[in-house]
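Working notes, beginning with the structure itself.
Note that this is a predicted model, so its numbers are computed, not measured. Per chain, numbering begins at 1; letters A, B, ... match sequence-line order.
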2 protein chains.
Amino acid sequence: MKLINQLSKETGIPIATIRFYEKSGLIKGEKKPGVTTNNYLYYGDDVVEKLRFIQMAKAVGFTLSEIKEVIDAWYLKKISRKAQMDVLELKLVQIEEKIQELKAMKRQIMTCIKNIAAR
Amino acid sequence: MKLINQLSKETGIPIATIRFYEKSGLIKGEKKPGVTTNNYLYYGDDVVEKLRFIQMAKAVGFTLSEIKEVIDAWYLKKISRKAQMDVLELKLVQIEEKIQELKAMKRQIMTCIKNIAAR
DNA sequence: ATAAAGTATGTAGTATACTTCATACTTTTC
DNA sequence: GAAAAGTATGAAGTATACTACATACTTTAT
C-alpha cells in the first residue's frame, strides 16, 4: 500500500495532479482501517496501473472523461457486462481511428521531408 | 479562392474556430488585390489542407503550438532546411511513439474484454 | 430597395486540465 | 522535542482551446 508521494515518484505525475484525478473520480485511495491518528489515503497497485493508463490515453488525445468511462468499465463491476463491453469496444474503434490518422500524418510528413531533401 | 464560410463547410470546423486559428497564426487568408469595398479574407487550397492536418493532429493529442511548428516547417520557406527537417523528424518520432502507445492501449483493452467475456 | 445573410473586429465567457496557495495536522528525522 | 518533511482540504489562479456576443459594414436575395 502506497502513499501519494510514492505514487507520484513511480509514475512521474505530480502529487497535485494525482489529487485532482482523485477528485475527478479516476482513482481512489482508502484509509487504512484501524488508523485513527491521521486521514492519510493509501493506494494499491491497481492505482499505479490506472495512472499509467491515464498517461497513455492523455498522450493520444483522450479526455479525462473518456478515460474515466474506460476505467469505470474496467474496474467497476457495478455496471452490466454488456455496458462494459460497449464502452471498451467503442474505445477500441476510436483507438484504431487514431492509429489510422497517425499513419496518414506520418505519410504526409514523410512526403514533405522528401520534398525538402530534393531541393 | 474561398471565403471563410466555404472553408467551414468543407472542413466542418466552425467559423469562429477558423478565425481563432488565424489569430493564432496557423492559417492565413489574404485580401483580394484591387478590392477596396470590403476587407474580406480569401483562402487558398493550402488552407484547407492545413485545416485538415490540424483536425487530425488535434485528434491524436498534439497541441496547437506543436501543430503550428509543423505547419511552419512545412510552408514557411524562411527557416533553414535543416531546421525544417529537425521539426518534421521530431514529429515523426512522436507520431511513432503515439502509435506504440495506442497499440499498448489496444492490447490492454482487448485483454480486459476477454476477461469480461470469460466470466 | 430593403431584408437577410455574410464578413470583420474586439471583448468577454466557458470548459478542461491542471497548478498554486494557505492552512492545519501528522509523521519522521536529527 | 523541535525542525523538517509529508499529508489533507479548500479555494483561487493559470493555460489552452475554443465559443458567444455586440457592433458595424458588405453582399446577396427577393
Side-chain angles (χ1 to χ4, degrees), chain A residues 1-44 47-48 50-72 94, chain B residues 1-44 47-48 50-72 94:
Chain A
M1 283 306 200
K2 297 154 186 183
L3 285 170
I4 197 161
N5 192 29
Q6 195 185 341
L7 219 53
S8 171
K9 274 173 189 151
E10 277 184 42
T11 60
I13 299 173
I15 289 177
T17 305
I18 296 176
R19 292 225 168 92
F20 172 74
Y21 290 160
E22 179 143 23
K23 208 164 62 181
S24 310
L26 281 104
I27 61 161
K28 204 158 165 32
E30 37 192 46
K31 301 215 166 93
K32 224 175 196 169
V35 176
T36 50
T37 50
N38 66 36
N39 51 348
Y40 291 5
L41 292 169
Y42 289 80
Y43 301 90
V47 175
V48 177
K50 283 181 194 176
L51 287 176
R52 293 206 196 288
F53 183 79
I54 293 169
Q55 282 179 310
M56 272 197 293
K58 265 181 39 63
V60 296
F62 287 108
T63 65
L64 290 189
S65 76
E66 288 175 311
I67 295 169
K68 180 165 160 39
E69 279 188 276
V70 175
I71 288 182
D72 285 350
Q94 291 174 344
Chain B
M1 284 305 200
K2 296 153 187 185
L3 285 170
I4 197 161
N5 192 28
Q6 195 184 342
L7 220 51
S8 171
K9 275 174 189 151
E10 277 183 42
T11 60
I13 300 174
I15 289 177
T17 305
I18 296 175
R19 293 225 167 93
F20 173 74
Y21 290 160
E22 179 143 23
K23 208 163 62 181
S24 311
L26 282 103
I27 60 161
K28 203 159 165 31
E30 35 192 46
K31 299 216 166 92
K32 225 175 195 169
V35 176
T36 50
T37 51
N38 66 36
N39 49 349
Y40 290 6
L41 292 169
Y42 289 80
Y43 301 90
V47 176
V48 178
K50 284 180 193 177
L51 288 175
R52 292 206 197 287
F53 183 79
I54 293 169
Q55 282 178 310
M56 274 196 293
K58 265 180 41 61
V60 295
F62 287 109
T63 65
L64 288 190
S65 75
E66 287 175 311
I67 295 169
K68 180 164 159 40
E69 280 188 275
V70 175
I71 288 182
D72 286 349
Q94 291 174 343

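Nucleic acid contact for A:Ser24: none, since no nucleic acid atom lies under 4.0 Å from a heavy atom of the residue. B:Lys23 comes within 4.0 angstrom of a base, heavy atoms only. Within 4.0 Å (heavy atoms only), B:Tyr21 reaches sugar-phosphate atoms of the nucleic acid but no base atom.
For the OP1/OP2 pair of C:dT9 and a distance below 4.0 Å, the side-chain nitrogens and oxygens of B:Arg19 include no atom meeting the criterion. Residue A:Thr17 places at least one side-chain N or O under 4.0 Å from the OP1 or OP2 atom of C:dT19. Proximity of A:Asn38 to the phosphate of C:dT27: a side-chain N or O atom is located under 4.0 Å from OP1 or OP2. For C:dT16, neither phosphate oxygen OP1 nor OP2 lies less than 4.0 angstrom from any side-chain nitrogen or oxygen of A:Ser65.
Here the nucleotide nearest the side chain of A:Ile4, chosen from C:dT7, D:dA8, C:dT26, is D:dA8. Considering only side-chain atoms of A:Asn5, the nucleotide from D:dC18, D:dG6, C:dA8 that sits closest is D:dG6. Of all nucleotides listed (C:dT19, C:dG6, C:dT26), C:dG6 comes nearest to the side chain of B:Tyr40. Of the candidate nucleotides D:dT7, D:dT26, C:dT20, D:dT7 has the atom nearest to the side chain of A:Leu3.
Side chains of B:Lys2 and B:Val47 form no contact here, defined as non-hydrogen atoms less than 4.5 Å apart.
Under 3.5 Å, the side chains of B:Glu22 and B:Tyr43 contain a donor-acceptor pair of N or O atoms.
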